[in-house]
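Notes follow once the structure below has been shown.
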2 protein chains.
Amino acid sequence: MYSIGELSRRTGVKVPTIRYYEDTGILDAPDRTGGNQRRYDSAGLERLAFIKHARDLGFSLEAIAALIQLRQAPEGSCHRADEIARVQLADVRSKIMRLRALETELVRISKSCDGQGVADDCNVLAALADHELFGTDHGAK
Amino acid sequence: MYSIGELSRRTGVKVPTIRYYEDTGILDAPDRTGGNQRRYDSAGLERLAFIKHARDLGFSLEAIAALIQLRQAPEGSCHRADEIARVQLADVRSKIMRLRALETELVRISKSCDGQGVADDCNVLAALADHELFGTDHGAK
DNA sequence: TATAATTCCTCCAGTCACTAGAGGTTCAAG
DNA sequence: CTTGAACCTCTAGTGACTGGAGGAATTATA
């Protein structure tokens, strides 16, 4: 049996976050001691590790809840789990593309500024003020 | 003079977001008509375009507020603006690296699942459950 | 066994950057 | 002068936590 702090140490999930997961229903409420403290078993530990890993991969809590549903209904189809993972992959890829464009632009901005001049003719500020310098299609989500 | 809707159309920033920017102080409160409606001049338009562009580049509103301070104190040093841009660039790069690691992992997970099996032996779920499958260093921020 | 230090409890508020809705007012066109 | 679009304020909600207050339980040490 693990206390909430022990669970936190073993999974790397902060204590208030564990309680938050319980509140939202993604983590089952564990048994309590006579003094009302949470005591987790290895199933609880496993579940939290699963959530942590999925969160680290960028899955939303909503997606994780769906994944857990699937785990608990083993006769269900794998299709949905695969779909969730593929949506997540597409999302990660689009984020990477967007960030790469930002990187290019920031490099250009930073390169043009040696940090020595006065703000009045600072290229960082000028670049930010003037859309035309690099086209305007940054807003795409 | 532009109404708030006109400003929204010209900058691509939604109306409630413009009001939100005013609330937080990042955008100056404009003059009002007799009927209490906001009317912006070209300075307001420019300022909002600046904010929009910086937001698209991933700057926080806090960082943008600092940048605006610098623009309004033209005798100040360029150094701070350059620093803010460089921090932003470093942040973008670390996000890209993290996302690339996630991409690799998600590809591996997805490839192992044809979506046809049952959840009980679905590799997506197994991969998520088992840290050991790909090492454990996903939590690095 | 007594005490001290640590960990735990609940509840509430705050973060960031918006977004949405209710209920009412003003503006511009015809 | 009427209609309908756009505007106003205010409140509350989003996601995924994070932090603090104030107090109770547990664990370690003397």
- Please step through side-chain contact (heavy atoms from CB on, under 4.5 Å) for the pair B:Glu6 and B:Met1, ending with a clear verdict. CA-CA 9 Å; B:Glu6 182 69 21; B:Met1 296 301 247; over 6 Å; no
So, is [X] near the phosphate of [N], with a side-chain N or O under 4.0 Å from OP1 or OP2?
X       : N      : answer
A:Ser3  : C:dT7  : no
B:Arg55 : C:dC18 : yes
A:Ser60 : D:dG15 : no
A:Arg32 : C:dT10 : yes
B:Thr33 : C:dC27 : yes

- Pairwise 5' ranking along DNA chain D for A:Arg39 and A:Tyr21, keeping only the more 5' one: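 Going by which nucleotide is closer to the 5' end, it is A:Tyr21.
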- Message: Closest-nucleotide mapping onto DNA chain D: is A:Pro16 or A:Gln37 further toward the 5' terminus? I mean the 5' end.
- Response: A:Pro16
- Item | Of B:Thr17 and A:Glu6, the one whose closest DNA chain C nucleotide lies more 5' |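 Nearest nucleotide further toward 5': that of A:Glu6.
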Please state how far atom [atom1] in [X] lies from atom [atom2] in [N], giving the value in whole angstrom units.
X       : N      : atom1 : atom2 : answer
A:Ile64 : D:dC17 : CD1   : C1'   : 13 Å
B:Asp23 : D:dA12 : CG    : P     : 15 Å
B:Ile51 : C:dA17 : CD1   : P     : 12 Å
A:Asn36 : C:dT7  : CG    : C1'   : 14 Å
A:Arg9  : C:dT7  : CZ    : C1'   : 9 Å
B:Tyr20 : D:dT14 : OH    : P     : 17 Å
A:Ile26 : D:dC17 : CD1   : P     : 9 Å
B:Phe59 : C:dC18 : CZ    : C1'   : 20 Å

- Message: Please classify the nucleic acid contact of A:Thr24 as base, sugar-phosphate, or nothing, using heavy-atom distances under 4.0 Å.
- Response: nothing
- Query: For A:Arg38, which contact category applies under a 4.0 Å heavy-atom criterion: base, sugar-phosphate, or nothing?
  - Reply: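 Contact class for A:Arg38: sugar-phosphate only.
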- Query: Which one, D:dT18, D:dA16, D:dC8, comes nearest to the side chain of A:Lys14?
  - Reply: D:dT18
- Candidate nucleotides D:dC7, C:dC8, C:dT19, ranked by approach to the side chain of B:Arg19 - the nearest: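 Between D:dC7, C:dC8, C:dT19, the one nearest the side chain of B:Arg19 would be D:dC7.
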- Task: Using the side chain to side chain contact (heavy atoms under 4.5 Å, CB included) rule, pick out the option among B:Thr11, B:Leu27, B:Leu45, B:Ile68 that qualifies with B:Phe50.
- Result: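 Looking at B:Thr11, B:Leu27, B:Leu45, B:Ile68, the match for B:Phe50 under the side chain to side chain contact (heavy atoms under 4.5 Å, CB included) is B:Ile68.
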- Under a 4.0 Å N-O cut-off, is there an ion pair linking B:Glu46 with B:Arg10? no
- Query: Is B:Val92 close to A:Arg100 at the side-chain level, that is, under 4.5 Å between some pair of heavy atoms?
  - Reply: no
- Query: Just wondering, more than 12 heavy atoms not from A:Glu62 lying within 6.0 Å of its CD?
  - Reply: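 No, because the 6.0 Å sphere around CD of A:Glu62 holds 12 heavy atoms or fewer from other groups.
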